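Report on the following structure.
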Protein chains: 2
Amino acid sequence: MLDDRKAAILRAVVEEYIETAQPVGSASVARVPGLSVSSATVRNEMGALERDGYLAQPHTSAGRIPTDKGYRFFVDSLTPTGRLDASQNQQVRTFFNRAHGELERMLSDTSRFLAGLTDYAAVVVRDAEDPARIRSVQLVVLAPRVVLAVVVLASGAIEKRTLELAEDADEMVVGAASARLASHLVGEIFGTSLRLPDSEVPDVDRVVAAAVRSLLPGEEPEYQPQVFIGGAARMAAAFDAVGTIRQVLGILEQQYVLVSLVKDVLDRGLTVAIGGELGVQPLSDCSIVVAPYEIEGEPAGTVGILGPTRMHYEQTLAAVAVVSRRLGQALSKGSEER
Amino acid sequence: MLDDRKAAILRAVVEEYIETAQPVGSASVARVPGLSVSSATVRNEMGALERDGYLAQPHTSAGRIPTDKGYRFFVDSLTPTGRLDASQNQQVRTFFNRAHGELERMLSDTSRFLAGLTDYAAVVVRDAEDPARIRSVQLVVLAPRVVLAVVVLASGAIEKRTLELAEDADEMVVGAASARLASHLVGEIFGTSLRLPDSEVPDVDRVVAAAVRSLLPGEEPEYQPQVFIGGAARMAAAFDAVGTIRQVLGILEQQYVLVSLVKDVLDRGLTVAIGGELGVQPLSDCSIVVAPYEIEGEPAGTVGILGPTRMHYEQTLAAVAVVSRRLGQALSKGSEER
DNA sequence: GCTGGCACTCAACGATACCGAGTGCCAAGG
DNA sequence: CCTTGGCACTCGGTATCGTTGAGTGCCAGC
């Protein structure tokens, strides 16, 4: 599709534009070692690249900047074996050695860590359909008519639901209900439609039913993917235009947009989505890099980076890949090889 | 300290500046109804107000803008009976009628709601020293050497700690430890140094000890106040200068700064802290408005707003006051009067 | 087919002038 | 003595206008 020289020139333009954020002229491309042609030749080629939609000119007599298509070519031509540099690798190692603790905190910490590692905004999405087995179910009375249902999943996640009863709860009844739930639900897959037979005590059954109902998927608004965002402020550093900053931050607060965005990209089988490919106008100057993470071999969520289209793709790809893998490992067992 | 006319003029300047973000000239102040003096008189008075440090001039031949001291006077002179307007009141009502669910989600939703209500960034801090009684303690085995300790507090909050054992856990041992913890700790105040006597089984005691240790204050990094921030993007809309936006967003991400800031303001017995009063340079163009909320009559956290110094103090004060009160009520029982 | 050369374009920058909002001060008036 | 209209003055903001220079497109020659 693109001959070698065009590809090399395009790569050079993208790389320089990523570094400088300035339109790239033919002269500086011609200076790139390994490409021994004159600036005039480069100009001709760049003209062709522009006709083919890989480059654009902000105005006549300015250098070229990559289009989404240009970035796409650049990203696709990256060697898939991106490596982190030594210091970053060290950071990853220390972070995951030190990081303990419970699932949500881990995800939240990871989002912050990843943001610091890449210097872009990081997103960690925990899939709602955590297909984890239930390790424990318990009902706790908080107030006369308020009962908290606490479910511990094998992943270490905790699901909790507040139930409000129609009448004052009897400790004994709740205790019995709790026991019934535990004996029937432990070992089941959370989120599937759980069902258990009636006992002989209607009072108990009522509480049990209320608890089961609250645990059904979609029943409670809280049953949606959890999103952890780290380093949103870095998006403010990535752009100069106040308008862009506002738009991007606005999107970052609409978590459902982010979630569907991330899902979408993964569904399309991509790792990177660039500018317009995101299909969200306010993010037309942004790209995202995503990678799913797995717990015990099961997909459990996604790690991603949101940055400007002119981000450092190679390093970001490597960072996201490494972090998603390590995160999965860290969550799969208490400790892996450490 | 300030005679009536000076006070009226100062108030007029602050109000107009809050609306327009433009330096206020003597002419527009003179037009304010109720203040029937000429612009020349206003000029004289404004000169005096400037000498006294209530107003400042960006440059000669521009209008005046309030200093922190000016805002302070303005805020202190507000009638403490600020009321929300009807539509906002309606919003509050619907939000708290609809809002259910478990503590953390409630706090997080509240922060977002409050941000939307006021159009500034909202902060909800849940005090770490939740002096709530323990309602339930349970150990759950997640992996051979990993045990999750789940503590349910009377407030509905859930504390969870991951324990890593030196050797593979025996279900029986963990069960026994869980039972011992439950029987000794339920009813105690969480966060106090909990202690319980040895049993006859050393294995069990080891697990119990590990669990108790992980629950001690300060022991785990997760033992810190939780912060929920809503509407951070609105700070980007509140300022024009990109530099300011970046600084403010940067601070918003350093949650510990926010927490100590909020604590500090409350400790000084204030409801509002303005610009330099915050003692954080990057926030010199910001003010915060805070109010503690109480669960069952006990202080349990803080609700706050971070906005530009030129924020609508009256409405914001009212909003923060109402929301903190309603939040406390909503958390105090499952349902209060509804 | 590449390259040096050249005319051309146009954003960015700086100098200059102008405008007008706003001030400080003063002298006259109640 | 305080207030007020008047007036000269200041100075940031905006518009105008060259100038500059990076960068282009094209062409003729190697």
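Remember, it's a predicted structure, so these values are computed and weren't measured experimentally. In what follows, chains are A, B, ... by sequence order, proteins preceding strands, each numbered from 1.
For the pair Leu278(B) and Arg268(B), the tightest heavy-atom approach, listed with the atom from each and the gap, is CA-NH2, 4.5 Å. Across Val323(B) and Thr110(B), no two heavy atoms sit closer than the pair CG1-CG2, 3.7 Å.
A heavy-atom distance below 4.5 Å is not found between the side chains of Tyr71(B) and Ser287(B). A heavy-atom distance below 4.5 Å is found between the side chains of Leu258(A) and Ile229(A).
Rounded to a whole Å, the CD1 atom of Ile9(B) is 12 Å from the P atom of dT23(C). Computed from coordinates, the Ile65(B) CD1 to dG12(D) C1' distance equals 14 Å when rounded to whole Å. For the pair Glu50(A) CD and dG23(D) P, the interatomic distance rounds to 15 Å; values are reported in whole Å. If you measure from atom CD of Gln57(B) to atom C1' of dG22(C), you get 8 Å, rounded to the nearest angstrom.
OP1 or OP2 of dT24(D) lies within a sub-4.0 Å distance of a side-chain N or O belonging to Arg64(A). Taking only side-chain nitrogens and oxygens, Thr60(A) never comes nearer than 4.0 Å to OP1 or OP2 of dT24(D).
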What nitrogen or oxygen pairs link the protein and nucleotides 27-30 of chain C at under 3.5 Å?
none

Check nucleotides 3-9 of chain D against the protein and report each pair of N or O atoms closer than 3.5 Å, with its distance, or say if there are none.
unit_1	atom_1	unit_2	atom_2	d
dT3(D)	OP1	Arg5(B)	NH1	2.4
dT3(D)	OP1	Arg5(B)	NH2	3.3
dT3(D)	OP2	Arg5(B)	NH2	3.0
dT4(D)	OP2	Ser38(B)	N	3.0
dT4(D)	OP2	Ser38(B)	OG	3.4
dT4(D)	OP2	Thr41(B)	OG1	2.6
dG6(D)	O6	Arg43(B)	NH2	3.1

Give every pair of a protein N or O atom and an N or O atom of nucleotides 13-22 of chain D that lie under 3.5 Å apart, one pair per line with the distance.
none

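Heavy-atom distances under 4.0 Å link DNA chain C to no residue of residues 14-31 of chain A.
Among pairs with a residue in residues 240-254 of chain A, those fulfilling side chain to side chain donor-acceptor pair (under 3.5 Å) read Gln254(A)-Tyr256(A), at least two apart in sequence or across chains.
Using a 4.0 Å cut-off between charged nitrogen and carboxylate oxygen, Arg72(B) and Asp76(B) count as a salt-bridge pair.
Ring geometry for Phe113(B) versus Phe95(B): interplanar angle under 30°, hence parallel rather than tilted (30 to 60°).
For Asp119(B), the side-chain hydrogen bond (donor to acceptor under 3.5 Å, both in side chains) criterion is met by Arg234(B), not counting sequence neighbours.
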